[in-house]
Amino acid sequence: MMEKQKVHYEPHPVSPERKAELRAQGYRIVDVAFAPADYVRADAEPEQAARRGRRSNSESAA
């Protein structure tokens, strides 16, 4: 039976260097847009975890 690969969610497009690095570590690369709702990247900073979409008027005034 085939062993299940670890999945790493990465923002696309992925550079060839980053892709080679993750594949060497045994990861299968999937666009972060398809990550589960409860997925949190270990290397993500808190402000990068913001929702995607349109900004409110108060956010765009800055």
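Keep in mind that this is a model prediction, so the values were computed, not measured.
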_Closest approach of Tyr9 to Phe34 (non-hydrogen atoms, all atoms of both residues)_ =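 Closest approach of Tyr9 to Phe34: CE2-O, 3.9 Å.
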Enter the distance from [X]:[atom1] to [Y]:[atom2] here, rounded to the nearest 0.5 Å.
{"X": "Glu21", "Y": "His8", "atom1": "CD", "atom2": "NE2", "value": "8.5 Å"}
{"X": "Asp31", "Y": "His12", "atom1": "CG", "atom2": "NE2", "value": "5.0 Å"}
{"X": "Glu10", "Y": "Lys19", "atom1": "CD", "atom2": "NZ", "value": "12.0 Å"}

_Joint hydrophobic cluster, Val32 plus Val7, side-chain heavy atoms closer than 4.5 Å_ =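 As far as the 4.5 Å side-chain criterion goes, Val7 and Val32 are connected within one cluster.
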